[in-house]
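Positions are given from 1, in the same order as the sequence printed here. Scope of the values below: all heavy atoms of this structure, side chains included, with no hydrogens, waters or symmetry mates. Just so we're clear, the structure is a prediction, and the values are computed from it rather than from any experiment.
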Amino acid sequence: QMVAASGTQLSAFIHWYYWSTYVGTTTASVILGCVFSDYTSLVIEVGVNVLLMGAALLAWYCLNKWLVREPISMNPFKTVYSVLKFCSRHKTPIHRSSLTYWDDTPPSRLDLGKKKYGGPFSTEEVENVKAFFAISLILVSLGGFLIVNDTVRMI
């Protein structure tokens, strides 16, 4: 349901999930401590939980200005689709100038999408698409092993 969500919404969801987990754990510890334990161990347990949550909040607040904030990128599926669409429609570089850098071998059709060769995509976007296909190939091959393994177990 959160595939089309922005980066801000995703980070807010992760923060709320993380802190609700800690608050739930602390609440459960307090309730269980009141029911099954004596007062001193309850105070120590709640104190440790509150100190850890406070330390995490303080660290996040103090280090927030030094944390790396990546710009919000577009939908990864849309990026893969647009890079593949560009590659299927362009066999040669667009507006190739004499200053375009060429290696000994001509670039692949995926590489033609890079701004370096006159394409509309950054080098990072094109490399992400290449990594996506490499990971997909690995997952498909491992999926074949999984099917064979499940079939052998059934026999």
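- Closest approach of Phe86 to Pro120, counting heavy atoms only: CE1-CD, 3.4 Å.
- Between Leu112 and His90, the closest heavy-atom pair is CD1-O, 4.1 Å.
- Looking at heavy atoms from C-beta onward, Leu84 lies in side-chain contact with Phe133 at the 4.5 angstrom threshold.
- If you take CG on Asn128 and CD1 on Ile135, they are separated by 9.5 Å, rounding to the nearest 0.5 Å.
- Under the side-chain hydrogen bond (donor to acceptor under 3.5 Å, both in side chains) rule, Lys114 has a single partner from Glu127, Glu124, Glu125, which is Glu127.
- Distance OG1/Thr79 to CZ/Phe121: 8.0 Å, rounded to 0.5 Å.
- Summarising the geometry of Gly113 relative to Val126, their closest heavy-atom pair is C-CG2, 4.1 Å, with the distance given to 0.1 Å.
- Other residues, nucleotides and ligands contribute only 12 or fewer heavy atoms inside 6.0 Å of the NZ atom of Lys78.
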